[in-house]
Protein chains: 2
Amino acid sequence: MPKRVDHDERRHRIAEALWRIASERGLDGASLRDVAAEAGISLGQLQHYFRTKDDMLVFALGHISELAARRIGARVGSLAGDPSPRTLLRETLAEMLPLDDKSRTGQLVQIAYFVRAVHDERLRRHAKEGIPALREFFAAQIRRAKEGGDVAADRDPDTEAMLLISLVDGLTGYVLLDVLPGEEALRLVDAHLDRLFT
Amino acid sequence: MPKRVDHDERRHRIAEALWRIASERGLDGASLRDVAAEAGISLGQLQHYFRTKDDMLVFALGHISELAARRIGARVGSLAGDPSPRTLLRETLAEMLPLDDKSRTGQLVQIAYFVRAVHDERLRRHAKEGIPALREFFAAQIRRAKEGGDVAADRDPDTEAMLLISLVDGLTGYVLLDVLPGEEALRLVDAHLDRLFT
DNA sequence: GCTATCGCAATACAACTGACCTGTAAACGA
DNA sequence: TCGTTTACAGGTCAGTTGTATTGCGATAGC
């Protein structure tokens with residue numbers, strides 16, 4: 001066996017270079033040569049790890065979704081004691097908004113993928129696959145809150161869950177466009193939660 | 001003076017050809033040659049009407065926003081009698097969702113522009129300019145409803161207006177991704193309105 | 001009829017794109 | 001030591017991109 005290299009580690013490095021470019025210029029502005037230069041490697045090396053550009057895009061999308069999920073998990077996991085459903089929801093929603101530079105970059109990349117996904121079957125499957133789990137997690141919290149009497153009995157958890165997801169996504173767009181400051185978006189989320197919880 | 005031609009009419013024709021391509025392949029998939037072919041004209045003629053590609057994009061964005069506003073205006077204007085604030089809001093929101101093929105195309109193009117706008121100062125100005133007016137229109141309806149006792153007194157019209165806009169935008173994304181069917185999105189809007197109006 | 005101007009076609013061009021294809025060095029097992 | 005496999009650098013290629021240039025026909029005022 002010849003020289004051994006951690007393939008996954010290299011691929012992650014390349015994906016992160018791709019994000020840096022995509023968050024500045026969009027996915028279509030990221031050529032293989034640009035990504036290679038940003039990662040500090042040659043075009044040949046990049047192609048050694050990703051046979052086609054499409055492979056690279058799909059891998060990078062999977063990686064960024066994974067990181068976002070882990071970030072949310074870490075934030076929720078670090079909550080003290082036994083957090084209420086409302087707290088869980090609020091912290092998750094807040095982590096989904098582009099409030100700091102890192103998550104702003106992440107959201108910019110996600111949006112870039114979203115646009116491609118609308119026209120690209122393969123990316124669409126990836127983009128859609130996380131939604132049901134998130135929706136179910138939200139619905140479960142609302143169900144718990146209903147049992148505790150914190151949410152009115154006539155609210156449908158699944159409906160409210162999808163409303164929350166859609167709201168955050170819409171707000172995200174406006175924060176990225178600088179129509180809303182981040183704190184204002186968070187205030188709007190809280191206002192919505194005020195109505196959901198009694 | 002030589003032959004006179006209606007420049008604006010030609011430009012509109014070209015813009016519409018651009019939309020057809022952009023809604024299928026995205027804005028970056030629309031080269032000048034593609035657009036010219038779709039419009040049934042030569043590349044030379046297209047360049048005669050738009051000196052640069054950027055000029056074409058900016059013009060087409062202005063045109064599509066104008067058409068969307070006109071569509072909403074027509075729908076709202078055709079409401080019988082003296083429509084209630086809730087009816088006005090619901091019909092406007094419904095028209096903003098991509099429920100039929102035409103508005104789906106329109107939304108796909110808007111999204112394509114949105115992504116560019118995040119990175120492009122000139123487009124961002126255009127993309128943002130319609131929001132305040134829409135927000136104020138929504139807020140005005142909610143204010144009217146509060147006076148009529150149809151919305152609780154402690155609701156802030158401006159907050160609720162922005163929540164509505166963001167919600168529809170988030171839902172639009174998921175409809176375009178085929179995560180939600182159109183009717184489901186409309187049902188979610190109605191559910192949200194049920195909570196806003198007493 | 002002359003000519004300036006407009007409308008448009010055709011072509012050219014330099015830059016860039018992703019995919020592919022070599023050549024080579026290094027590491028390991030036999 | 002040899003052969004095989006992996007890691008990478010560099011170059012090539014055909015195709016596409018936006019823009020610039022040139023030329024020519026039609027039309028209107030003089």
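As a basis for the values below, the full set of heavy atoms in this structure was taken, side chains included, without hydrogen atoms, waters or symmetry mates. Chain letters run A, B, ... following the sequence lines, proteins first and then strands; every chain starts at 1. No experiment lies behind these values; they were computed from the predicted model shown.
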A.B. asks: What pair of heavy atoms forms the shortest contact from A:L27 to A:A22, and how long is it?
C.D. replies: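 Answer, listing the atom of A:L27 first, then A:A22: CD2-CB, 3.7 Å.
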
A.B. asks: Side chain of B:Y49: nearest nucleotide among D:dT19, C:dC8, D:dA7?
C.D. replies: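 Nearest listed nucleotide: C:dC8.
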
A.B. asks: Taking atom P of C:dT22 as reference, at what distance in whole Å does atom CG of A:L43 sit?
C.D. replies: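 Whole-Å distance recorded here is 17 Å.
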
A.B. asks: Reckon B:L32 touches a base, only the sugar-phosphate, or nothing at all at heavy-atom distances under 4.0 Å?
C.D. replies: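 Contact class for B:L32: base.
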
A.B. asks: Want to settle it: does B:Q47 or A:G44 sit nearer the 5' end of DNA chain C, counting the closest nucleotide to each?
C.D. replies: B:Q47

A.B. asks: State which of D:dG11, C:dT11, C:dA9 makes the closest approach to the side chain of B:Q45.
C.D. replies: C:dA9

A.B. asks: Taking only side-chain nitrogens and oxygens of B:H7, does any of them come within less than 4.0 Å of OP1 or OP2 of C:dG7?
C.D. replies: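 So the side-chain polar atoms of B:H7 do come within 4.0 Å of the phosphate oxygens OP1 or OP2 of C:dG7, strictly under.
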
A.B. asks: Starting from P on C:dG18, measure out to CE on A:M56 and report it in whole angstrom.
C.D. replies: 8 Å

A.B. asks: Nearest heavy atom decides the nucleotide; on that basis, is A:R33 or A:H48 closer to the 5' end of DNA chain D?
C.D. replies: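 With A:R33 and A:H48 compared, the 5'-side residue is A:H48.
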
A.B. asks: Please determine whether a side-chain nitrogen or oxygen atom of B:S31 lies at a distance below 4.0 Å from atom OP1 or OP2 of D:dT17.
C.D. replies: yes

A.B. asks: In this structure, how many angstroms lie between the C1' atom of D:dT17 and the CG atom of B:L27, rounded?
C.D. replies: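 Rounded to whole Å, this separation is 16 Å.
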
A.B. asks: Can you tell me if A:R10 touches the phosphate of D:dC8, counting only side-chain N or O atoms and a distance under 4.0 Å to OP1 or OP2?
C.D. replies: yes

A.B. asks: Atom CG of B:D28 to atom P of D:dT17: distance rounded to whole Å?
C.D. replies: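 In whole Å, D:dT17 P lies 11 Å from B:D28 CG.
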
A.B. asks: Students often get this wrong, so: under 4.0 angstrom with heavy atoms, is B:I41 touching a base, only sugar-phosphate, or nothing?
C.D. replies: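 The residue B:I41 makes no contact with any strand.
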
A.B. asks: Could you tell me how far apart B:I14 (CD1) and C:dG7 (P) are, to the nearest whole angstrom?
C.D. replies: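 Answer to the nearest Å: 13 Å.
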
A.B. asks: Whole angstroms only, please: what is the NZ-P distance between B:K53 and C:dA15?
C.D. replies: 19 Å

A.B. asks: Between atom CG in B:L46 and atom P in C:dA9, what is the gap in whole Å?
C.D. replies: 11 Å

A.B. asks: Which nucleotide, C:dA9, C:dA12, D:dA9, lies nearest any side-chain atom of A:S42?
C.D. replies: D:dA9

A.B. asks: If I take atom CZ in residue B:F50 and atom C1' in nucleotide D:dA20, what distance separates them, rounded to the nearest angstrom?
C.D. replies: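 Value for this atom pair: 19 Å.
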
A.B. asks: Got A:R124 and A:V118 here, is their nearest side-chain heavy-atom distance under 4.5 Å?
C.D. replies: no

A.B. asks: With distance as the sole test, does A:Q107 use its side chain to make a donor-acceptor pair with the main-chain N or O of A:M96 at under 3.5 Å?
C.D. replies: yes

A.B. asks: Within the distance-only criterion (no hydrogens, no angle test), does the side chain of A:R10 pair as donor or acceptor with the backbone N or O of A:Y49 below 3.5 angstrom?
C.D. replies: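 Here the side-chain-to-backbone pair does not exist.
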
A.B. asks: May I ask you to test the B:I165-B:L93 pair for a side-chain heavy-atom distance under 4.5 Å?
C.D. replies: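 No; the side chains remain at least 4.5 Å from each other.
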
